[in-house]
Amino acid sequence: MSGDRVPRRPAQGAWAPTFGFPGRSAETSAGTLAQEFLDAIADRAVWATPIRNESGEIVDFELRAASPTAMNTAGLIGLAQPGRLMRQDNPEIGDTEVWECMLRVMESGKAEEIARYEHSESEDGVVRHANYAVARIGDGLLISWTRLDEEERLAMRLRHTERLGNLGWVHWGLYSGEIIWSPQLYAIHGRDPDDGPLDLQEYRAIVHPDDLVIFDQAIAMLTETDGPCEFEVRIRVPDGLRLIRACIEARRDIRGRPIEVHGVLQDITHWQRTADQLADVRQRLEEESQLTAELQHIIMPVQNEPFPEADLEVAVRYLPAQMEPLGGDWYQAIHVSDEEVLLAVGDVAGHGLPAASAMAKLRHAITGLAFAQHDPGEILVVLNRLLQRMRPDVIATAVVAHYRSTDRTFTWAHAGHPPILLVRGDTVRPLFHTGMMLGVSQQVTYCCDRVRLEPDDLVVMFTDGLIERPGRDLAEGLDVLCTAIADAVRARPADRLAAVMGVLEPSNPRDDTCMLVARVMPARAPIPATA
């Protein structure tokens, strides 16, 4: 076709067939009847009339009617198509086998068919296949087609689904004797498709003897109840045993007797093996977690109830990290004499056995140092040297305090640790004191600070897991903690120790947290003299 051919519409009535409907014009009868006809069919079909140039050659076809399921490459369906031009919407149709067929049928009036026509639609480039049928109706063409790619793609998706899920479907005709297995079912059972499928009795023969009861009960249920039946059995195949999960259902006749069994069989051998392995791992982790908790308790036992030390009432709590229960946070409360108590809280960097090992060394060392009449600063000097000598790869923080009940003097020293909190009345005051972390440098000294406590005062010692939170400054976390403690003791003045312990919750679940709270008990009344 030359490029100077201009499409034009045929003269009014020139293309319209006369169907002999009384009271209808030729044009109205053609368009209306064609659409009514196409509305009643399920196939994809259109009725189109030719567009000719000045020389009378057909250069395009105009869609005049379309079936409800007809779709062009523009995505238009059914009645949305009439009035459009075929080559305008589908330029690739020109000079194709379909186009030549349309011209021949229009010329000869003899219907033709094209089997498995291959074409590529421009919007995605995917090769598709269809069967075409072209017939002349009046002065137009009835073009119908069946897209084979939909059936092929559906079959391919079904095959992929069976392969990915390692499953297949089965049909057992109980009276007809017809048995159909999908291809994947042969692969699951290690069976050659040329050998054909197994009937129910033959299938029962490959079920593991220990699972025959399950299989027989499932088949019996099909005769007694409606709906699907699910079960799992082991079967014997050439390469060993496989675990099959089956979901089967019976189709019944008008008397309610099962005449067919349909089902889906899935090989879950690998899934079950993986599930068993996961269960073993889970059990092993639970056992390791229990051992870890026991080891943590052995290294650092924590008393659940407050306990007296001199004239102090002491309460402690240890909360392990969620991901690693074995940590390096520790506390110590040592009754040095009737009037003296040593209190300490520390934090070894890291988690796991290395941190716990270093923590145990520091905690045990401070026990001996408590009875050597060293002040808190001197104790920190020794702990620092011990860490440098025995675990040079580890750093830690600590706060050590000494309390003397005779004059209620509280002496403390810090090694890079969060400050002690002094709670007096409903006021909370951090006791700031500087000091280098343990394990950083061997040549370091620590100095002490002192404060005189009053009856009912509380001192709060803790590790940074109590105030540390990702994205939040430690100073902000300390302010939040002080406010929470002040509100708690204001709300429960009669039980100040329990009130403070109640609000001490770690802000960072990924870090372990250790807390120690000591309350100065009111002075005891003098014991009256006996007569």
Side-chain angles (χ1 to χ4, degrees), residues 288-289 291-303 316-321 323-336 340-402 411-420 433-449 461-466 468 508 510-516:
E288 290 178 356
S289 178
L291 289 174
T292 298
E294 293 175 4
L295 178 60
Q296 183 76 37
H297 182 71
I298 293 172
I299 295 175
M300 190 186 66
V302 177
Q303 295 183 235
V316 295
R317 182 186 301 167
Y318 174 78
L319 299 174
M323 301 302 295
E324 177 56 72
L326 195 60
D329 288 15
W330 57 276
Y331 85 95
Q332 189 62 283
I334 303 172
H335 193 166
V336 180
E340 295 178 292
V341 177
L342 186 75
L343 304 175
V345 170
D347 183 1
V348 176
H351 296 91
L353 286 174
S357 174
M359 175 265 286
K361 289 180 172 61
L362 294 177
R363 191 170 187 270
H364 293 157
I366 201 173
T367 302
L369 295 172
F371 294 93
Q373 300 300 317
H374 293 306
D375 65 30
E378 293 169 337
I379 291 176
L380 288 176
V381 169
V382 177
L383 293 181
N384 180 65
R385 292 176 180 173
L386 175 68
L387 202 60
Q388 283 276 317
R389 178 64 63 87
M390 301 187 68
R391 293 300 302 271
D393 58 324
V394 172
I395 58 173
T397 67
V399 57
V400 180
H402 177 271
T411 305
W412 75 94
H414 278 77
H417 203 79
I420 299 173
H433 196 68
T434 59
M436 184 177 294
M437 295 176 65
L438 302 175
V440 176
S441 173
Q442 188 169 0
Q443 303 300 323
V444 61
T445 59
Y446 298 90
C447 59
C448 299
D449 206 344
M461 304 163 68
F462 55 91
T463 56
D464 58 5
L466 191 64
E468 183 183 39
N508 184 6
R510 293 178 298 179
D511 194 9
D512 51 335
T513 304
C514 187
M515 298 157 281
L516 183 152

Option passing side-chain contact (heavy atoms from CB on, under 4.5 Å) with Met461 (candidates Val400, Ile420, Val316): Ile420

Side-chain contact test, heavy atoms from C-beta onward, threshold under 4.5 Å: evaluate it for His417 versus Thr463 and give yes or no. yes

Taken to the nearest 0.5 Å, the spacing of Arg363 CZ from Ile334 CD1 works out to 8.0 Å

When rounded to the nearest 0.5 angstrom, what is the spacing between CG in Asn384 and CD in Gln442? 7.5 Å

Hey, is the main chain of Asp375 close enough, under 3.5 Å, to the side chain of Glu378 for a donor-acceptor pair? yes

At what distance, to the nearest 0.5 angstrom, does CE of Met436 lie from CD1 of Ile395? 11.5 Å

How far does CH2 of Trp330 sit from NZ of Lys361, to the nearest 0.5 angstrom? 14.0 Å

Please verify the inter-ring angle class for Trp412 with His433; under 30° counts as parallel, over 60° as perpendicular, anything in between as tilted. perpendicular

Shortest non-hydrogen separation from Cys448 to Thr411 and the atoms involved: CB-CG2, 3.7 Å

Can you confirm whether Leu387 sits close enough to Arg389 that some side-chain heavy atom of one is under 4.5 Å from a side-chain heavy atom of the other? no

Do you know which two heavy atoms are closest between Ala413 and Cys447, and how far apart they sit? CB-O, 3.4 Å

Is a donor on one side and an acceptor on the other found under 3.5 Å between the side chain of Gln332 and the backbone of Leu343? no

Testing the basics here: between Val345 and Cys514, what is the closest heavy-atom pair and its distance to 0.1 Å? CG1-O, 4.3 Å

Compare every heavy atom of Pro419 with every heavy atom of Phe462, then report the nearest pair and how far apart it is. CE2-O, 3.5 Å

With rounding to the nearest 0.5 Å, note down the distance linking CZ in Phe371 to CG in Leu342. 9.0 Å

Given side chains that start at C-beta, do those of Leu383 and Leu369 come closer than 4.5 Å, heavy atoms only? yes

Rounded to the nearest 0.5 Å, the CG atom of Asp329 sits from the CG atom of Leu466 at a distance of 10.5 Å

Beyond-backbone contact of Met515 with Tyr331, side-chain heavy atoms, under 4.5 angstrom: no

Where is the tightest heavy-atom contact between Leu380 and Ala398, given as atom of each residue plus distance? CD2-CB, 4.0 Å

